Amino acid sequence: MIGLPAGVVACLFDLDGVLTSTATLHEIAWKQTFDVFLANRTDGDRAPFTSRDYNSYVDGRPRADGVRTFLTARGIRLPEGNPDDSPEAATINGVGNRKNETLLALIEERGITPYPGSVAYLKAAQGHGLKIGVVTSSANGAHVLDAADLAQFVQARVDGLTIAEEHLRGKPAPDSFLAGARALGVAPSEAAVFEDALSGVEAGRAGGFRFVVGVNRADQAEELREHGADVVVDDLAELLEDSE
């Protein structure tokens with residue numbers, strides 16, 4: 001049924017890069033933030049931030065986890081600070097807040113566009129009676145869903161705010177997807193996970209979900225399979241074509 005195994009009654013979608021093209025804006029915001037940060041350091045590896053860095057250290061992770069993981073890889077240590085740190089603060093949270101400030105400006109400037117194939121898939125899933133949840137590490141999940149006119153499909157949302165409030169471990173840990181399944185009232189064995197990030201695919205596999213769909217937006221199909229995807233597609237519409 002719509003490209004999923006029998007027994008799947010719920011779909012848990014990552015947001016940025018799976019349903020909307022905002023993953024591109026996230027990468028741009030991270031690059032702008034880290035390149036300025038690194039240019040002003042005298043320690044660690046200060047080479048510019050790359051797409052490989054984004055996919056390896058940042059994509060799919062909660063904001064502070066992304067900052068911490070990337071800077072650790074570059075041999076740079078910062079104090080954690082607090083979630084409400086100024087974007088100018090030289091802390092993990094300060095750098096993360098600077099990135100979010102940059103991201104919101106990009107969203108305001110460029111807008112948010114859902115992928116047509118993803119919209120078609122959401123409509124098909126809804127039409128088949130499947131429960132639909134969104135699981136994103138972004139604290140801007142509600143704003144992005146509303147701006148893309150996708151909230152109408154979503155019965156449960158777990159986002160960066162939920163992760164902080166409930167003290168969940170971020171992807172690649174499965175906690176956020178497991179919270180999404182609980183919110184929909186289903187077992188992991190009854191749900192499919194849809195992810196474009198390597199960390200997210202790994203989280204879906206670690207959570208024991210029935211099916212993990214890797215969405216290949218960054219030319220990393222083999223890596224998605226290696227991290228646990230059962231199937232890899234370039235666009236969710238391919239799943240509808242395969243089920244015809």
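In this chain, residues are counted from 1 in sequence order. These numbers come from a predicted model, not from an experiment.
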* Does the side chain of F177 reach to within under 4.5 Å of the side chain of E195, using non-hydrogen atoms? -> yes

* Structure fact -> Across all chains, not counting sequence neighbours, the salt bridge (Lys or Arg N to Asp or Glu O under 4.0 Å) partners of D234 are none

* Asked: Are F153 and V144 connected in the hydrophobic side-chain network, where two residues link if heavy atoms are under 4.5 Å apart?
  -> yes

* State whether the number of non-hydrogen atoms from other residues, nucleotides or ligands found under 6.0 Å of D219 atom CG is greater than 12. => no

* **T91: side-chain contact (heavy atoms from CB on, under 4.5 Å) partners, not counting sequence neighbours** => P79, D85, A89, N93

* Structure fact -> When every non-hydrogen atom of V36 is compared with those of N40, the smallest separation belongs to O-ND2, 2.8 Å

* Asked: When you measure from the side chain of N82 to the backbone N and O of D84, does any donor-acceptor pair fall under 3.5 Å?
  -> no

* To do: Over 60° means perpendicular and under 30° means parallel, so classify the ring planes of F34 and W30, tilted if in between.
  => parallel

* Is L236 reachable from L150 through a run of hydrophobic residues whose side-chain heavy atoms are each under 4.5 Å from the next? -> yes

* Asked: Given the rule in the side chain to side chain contact (heavy atoms under 4.5 Å, CB included) test, do L12 and L184 qualify, once you have shown the distances and angles that lead to the verdict?
  -> CA-CA 9 Å; L12 294 170; L184 291 176; 3.7 Å; yes

* To do: Would you give the length of the straight line joining atom NE2 of H26 to atom OG of S137, rounded to the nearest 0.5 angstrom?
  => 9.5 Å

* Could you check if a side-chain atom of T162 sits within less than 4.5 angstrom of a side-chain atom of V135, using non-hydrogen atoms only? => no

* Verdict with reasoning, R74 to D53, per salt bridge (charged side-chain N to carboxylate O under 4.0 Å, His left out) -> CA-CA 10 Å; R74 291 299 186 91; D53 291 325; 3.0 Å; yes

* To do: Could you tell me which non-hydrogen atom of P174 sits nearest to which non-hydrogen atom of A203, and how far apart they are?
  => CB-O, 3.4 Å

* Please report the closest heavy-atom contact between S118 and V18, naming both atoms and the distance. => OG-O, 2.6 Å

* Asked: Thinking salt bridges, do D230 and R210 make one under a 4.0 Å N-O criterion?
  -> no

* Roughly how far, to the nearest 0.5 Å, is CG of D159 from OG of S176? -> 10.0 Å

* Asked: Linking I/L/V/M/F/W/Y whenever their side-chain heavy atoms sit closer than 4.5 Å, directly or via other members, would V233 and F211 fall into one cluster?
  -> yes

* Got more than 12 heavy atoms from elsewhere within 6.0 Å of CD, Q152? -> yes

* **pair L71-R77: side-chain heavy atoms closer than 4.5 Å** => no

* Find out whether I28 and L106 are in side-chain contact, i.e. whether some heavy atom of one side chain is under 4.5 Å from a heavy atom of the other. => yes

* To do: Answer with yes or no whether the side chains of T20 and T22 bring together a donor and an acceptor at under 3.5 Å.
  => yes

* To do: Answer yes or no: is there an ion pair linking R205 with E202, defined by an N-O contact shorter than 4.0 Å?
  => no

* Pairwise side-chain contact, P114 with L19, heavy-atom cut-off 4.5 Å (strictly under) -> no

* Asked: Roughly how far, to the nearest 0.5 Å, is the CG atom of N97 from the CD1 atom of I92?
  -> 11.5 Å

* Asked: Are I112 and F194 connected in a single hydrophobic cluster, I mean Ile/Leu/Val/Met/Phe/Trp/Tyr linked by side-chain heavy atoms less than 4.5 Å apart?
  -> yes

* To do: Measure the spacing between CD1 of I132 and CD of Q155 and express it to the nearest 0.5 Å.
  => 6.5 Å

* According to the salt bridge (Lys or Arg N to Asp or Glu O under 4.0 Å) rule, which pairs have a member within residues 9-36, sequence neighbours left out? -> D14-K171, K31-D35

* Asked: What is the ring orientation for F70 with F49, classed by angle as parallel under 30°, tilted 30 to 60°, or perpendicular over 60°?
  -> perpendicular

* To do: On the 0 to 90° scale, with breaks at 30° and 60°, tag the Y121-F13 ring pair as parallel, tilted or perpendicular.
  => perpendicular

* Structure fact -> CD (E226) and CD (Q220) are apart, to the nearest 0.5 Å, by 10.5 Å

* Asked: Would you say L178 and P188 make side-chain contact, with heavy atoms under 4.5 Å?
  -> yes

* Asked: Cut-off 3.5 Å, side chains only: do N216 and D196 have a donor facing an acceptor?
  -> no

* Structure fact -> Of all heavy-atom pairs linking V212 and G204, the shortest is CG2-C, 3.8 Å

* Asked: Are L130 and V9 close enough, and set up right, to give a side chain to side chain contact (heavy atoms under 4.5 Å, CB included), and what steps lead you there?
  -> CA-CA 5 Å; L130 273 68; V9 299; 5.6 Å; no

* Asked: Under the 3.5 angstrom rule, does the side chain of R98 hit a backbone N or O of P87 as a donor-acceptor pair?
  -> yes

* Asked: If only atom types and distance count, is the side chain of D175 paired as donor or acceptor with the main-chain N or O of R169 below 3.5 Å?
  -> yes

* Inspect the surroundings of OH in Y57 and state if more than 12 heavy atoms from other residues, nucleotides or ligands are less than 6.0 Å away. => no

* Inspect the surroundings of CZ in R41 and state if more than 12 heavy atoms from other residues, nucleotides or ligands are less than 6.0 Å away. => yes

* Minimum heavy-atom distance between A142 and R157, given as atom pair plus value -> CB-CZ, 3.7 Å

* Locate the shortest heavy-atom distance separating A191 from V186; write the atom from each residue and the value. => CB-CG2, 4.3 Å

* Asked: What do the steps show when you test V193 against V213 for side chain to side chain contact (heavy atoms under 4.5 Å, CB included), and what is the final call?
  -> CA-CA 6 Å; V193 164; V213 178; over 6 Å; no

* Structure fact -> d(I76 CD1, R46 CZ) to nearest 0.5 Å is 8.5 Å

* **Heavy-atom side-chain proximity of V158 to V134 below 4.5 angstrom** => no

* Counting only N and O atoms by type, is there a donor-acceptor contact under 3.5 Å from the side chain of Q32 to the main-chain atoms of A29? -> no

* Asked: Can L145 be reached from Y115 by stepping across I, L, V, M, F, W or Y side chains whose heavy atoms are under 4.5 Å apart?
  -> no

* Asked: Just wondering, do E190 and F209 contact through their side chains at under 4.5 Å, heavy atoms?
  -> no

* side chain to side chain contact (heavy atoms under 4.5 Å, CB included) between I107 and H143, intermediate numbers included -> CA-CA 10 Å; I107 289 174; H143 173 65; 4.0 Å; yes

